[in-house]
Amino acid sequence: METQLSNGPTCNNTSNGPSTISNNCSSPVESSSIEDSKTNLIVNYLPQNMTQEELKSLFGSIGDIESCKLVRDKITGQSLGYGFVNYVDPKDAEKAINTLNGLRLQTKTIKVSYARPSSASIRDANLYVSGLPKTMTQKELEQLFSQYGRIITSRILVDQVTGVSRGVGFIRFDRRVEAEEAIKGLNCQKPPGATEPITVKFANNPSQKTSQALLSQLYQSPNRRYPGPLAQQAQRFRLDNLLNMAYGVKSRFSPMAIDGVTSLAGINLPGHAGTGWCIFVYNLAPDADESILWQMFGPFGAVTNVKVIRDFNTNKCKGFGFVTMTNYDEAAVAIASLNGYRLGDRVLQVSFKTNKTHKA
DNA sequence: TGTTATT
C-alpha cells in the first residue's frame, strides 16, 4: 500500500494497549509450529455492531476467503467482538495481517493474527492482576509473568483522565496450565522492589457477564416483547450521544426519519441504495486500493462494502470508488469529514452517490 | 475487571 493514512494500521506498543511487548511490533507473522494453520486468522476487538457479512467484506478485499465466522453469544446473539477468517491462500492471510492489523474501526483498533489450533488447553488462560505498583509498566508486568509461559496479551488499566496506572491489569497466557502456575508463583507475592503483595487470579469471563446482564434486562423490561427494536433504539441512542460528543452533531435533528420514510415510500434520495447509503469518492490515485477506503471510512461507522473502480486493461484505479454505509448519520459525518480530505497530493471529493454517476 | 482470544 503506497498511501498511509494517519488512522491506518500502525505499530502501537502503547502502555495501555493489549499487546505483547516482545512480538507485536516486530512481526505479527511470527514463527509457528509446522502443524499451525497459515490460512486461519483470529480477529480481535471488532466493533460491537459489526456483522459477519461486514467482516467478510473487509477481509474479502484482500483475497478469497474459505470461511468466515463472527463469534456470537449463544444465548443473546450479541457479537463477542472477535471472529475468524480462513483464507484459501496463506499469502492472503499474511497480507491481511500486514494490511489490516491495527485498522481503526469506529472506536476500536482491530487486532489480526494467526489463530492458534483450537484446543481446550488454551481456554480460560486469562488472569486478573491487582495491587500492582503504580509505577509498573506493561513491559515490567510481562517480564514478571513471562517466566511461567508464553504471554498472548497483556494490559495495564489506566485512569482515563490522568493516564496513571490503576494498579490492575490482565495477562493472557497461551495455555491454562501456564496461568495456573503463575497464580501459584505470584499470588500474594511482592514483585521485586514492591512494598505490597499482588493478587493474581483468573479473570472474569466477560461473555457470561454480558449475557446475564442482557437477559436480566430482557426480563425486567416492561416492553420485553420487543427486544429487537428496543435494542436498536438503545444502540441508536448511544450512537447519537457518541456523535454528539465526538462531532457536536445533533443527530436527533438529522434526517433519521428520512431513512425510514424512503424505505417505505421508495423515494429515491441521493446515496440511498436500499441496503445502505452509497458514497461516491472521487479523485483517488491510480494505485488506490480497497484498504484505503476501509481505513478512511471505517472509523465513522458500519461499512458494508467498498469498491475501487479500475480500468479493465491496466487494472489501475480510474480515479473513483464507492463506499456503502449502513447508517445515514455515520455516512453523513463521514462525508462531511472526508470531503476535501487531502490524500497524498490529491484532494478528495466525497458525496452521496447520485443517479447521474456511473453505476457501481 | 478489559477494545469480550478459540469457532
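Here is how names work: the chains are called A, B, and so on, in the same order as the sequence lines, proteins then strands, and each is numbered from 1. Side-chain atoms are counted along with the backbone in the values below, which use heavy atoms only and exclude waters and symmetry mates.
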S.K.: Without decimals, in angstroms, what is the distance between A:L46 CG and B:dG2 C1'?
M.R.: 15 Å
S.K.: Within the pair A:R172 and B:dG2, is there a side-chain N or O less than 4.0 Å away from OP1 or OP2?
M.R.: no
S.K.: Between A:G81 and A:S118, which has a closest nucleotide on DNA chain B that is more 5'?
M.R.: A:G81
S.K.: If you measure from the Lys or Arg side-chain nitrogens to the Asp or Glu carboxylate oxygens, is any gap between A:E181 and A:K184 under 4.0 Å?
M.R.: yes
S.K.: Please report, rounded to the nearest Å, how far the C1' atom of B:dT1 is from the CG atom of A:D124.
M.R.: 16 Å
S.K.: Could you tell me whether the phosphate oxygens of B:dT1, OP1 or OP2, come under 4.0 Å of any side-chain nitrogen or oxygen in A:K201?
M.R.: no
S.K.: Applying a 4.0 Å non-hydrogen cut-off, can you work out what A:N40 is touching in the nucleic acid: base, sugar-phosphate, or nothing?
M.R.: base
S.K.: Taking the minimum atom-to-atom distance to the side chain of A:L80, which one of B:dA5, B:dT7, B:dT4 wins?
M.R.: B:dT4
S.K.: Identify which nucleotide among B:dA5, B:dT7, B:dT1 has an atom closest to any side-chain atom of A:R166, counting heavy atoms from C-beta outward.
M.R.: B:dT1
S.K.: Which is true for A:Y128 with a 4.0 Å heavy-atom rule: it touches a base, it touches only sugar-phosphate, or it touches nothing?
M.R.: base
S.K.: Any chance you could measure A:I156, atom CD1, to A:L132, atom CG, to the nearest 0.5 Å?
M.R.: 6.0 Å
S.K.: Counting heavy atoms not belonging to A:Y282, are there more than 12 under 6.0 Å from its OH?
M.R.: no
S.K.: Is any side-chain heavy atom of A:L100 closer than 4.5 Å to a side-chain heavy atom of A:F59?
M.R.: yes
S.K.: So for A:R116 and B:dT6, does any side-chain atom that can act as donor or acceptor lie under 3.5 Å from a complementary atom in the base?
M.R.: yes
S.K.: Nearest of B:dT7, B:dG2, B:dA5 to any side-chain atom of A:K69?
M.R.: B:dT7
S.K.: I want to verify a distance call: between B:dT6, B:dG2, B:dA5, whose nearest atom is closest to the A:F170 side chain?
M.R.: B:dG2
S.K.: Check the distance between B:dG2's P and A:Q48's CD and give it to me in whole angstrom.
M.R.: 15 Å
S.K.: Consider the side chain of A:N126, meaning its heavy atoms from C-beta on, and name the nucleotide among B:dT4, B:dG2, B:dT7 that approaches it most closely.
M.R.: B:dG2
S.K.: From the options B:dT7, B:dT4, B:dT1, select the nucleotide whose nearest atom is closest to the side chain of A:L157.
M.R.: B:dT1
S.K.: A:F173 has an atom CZ; how far is it from atom C1' of B:dT6, in whole Å?
M.R.: 18 Å
S.K.: Check whether more than 12 heavy atoms from other residues, nucleotides or ligands sit under 6.0 Å from atom NZ of A:K108, and answer yes or no.
M.R.: yes
S.K.: Expressed as a whole number of angstroms, how long is the span from A:M50:CE to B:dT4:P?
M.R.: 15 Å
S.K.: Whole angstrom is fine here: how far is it from CD1 in A:I75 over to C1' in B:dT4?
M.R.: 15 Å
S.K.: Does A:T153 have a side-chain nitrogen or oxygen under 4.0 Å from the phosphate oxygens OP1 or OP2 of B:dA5?
M.R.: no
S.K.: For the residue pair A:W277 and A:Y328, categorise the inter-ring angle as parallel (less than 30°), tilted (30 to 60°) or perpendicular (more than 60°).
M.R.: perpendicular
S.K.: Looking at the base of B:dT7, is there any donor atom on it, or on the side chain of A:N86, that sits under 3.5 Å from an acceptor on the other one?
M.R.: no
S.K.: Which of the following nucleotides, B:dT4, B:dT6, B:dT1, is nearest to the side chain of A:R123?
M.R.: B:dT6
S.K.: Output the rounded distance in Å from CG (A:L127) to P (B:dG2).
M.R.: 16 Å
S.K.: Could you check how far CD1 of A:I198 sits from C1' of B:dT1, rounded to whole Å?
M.R.: 16 Å
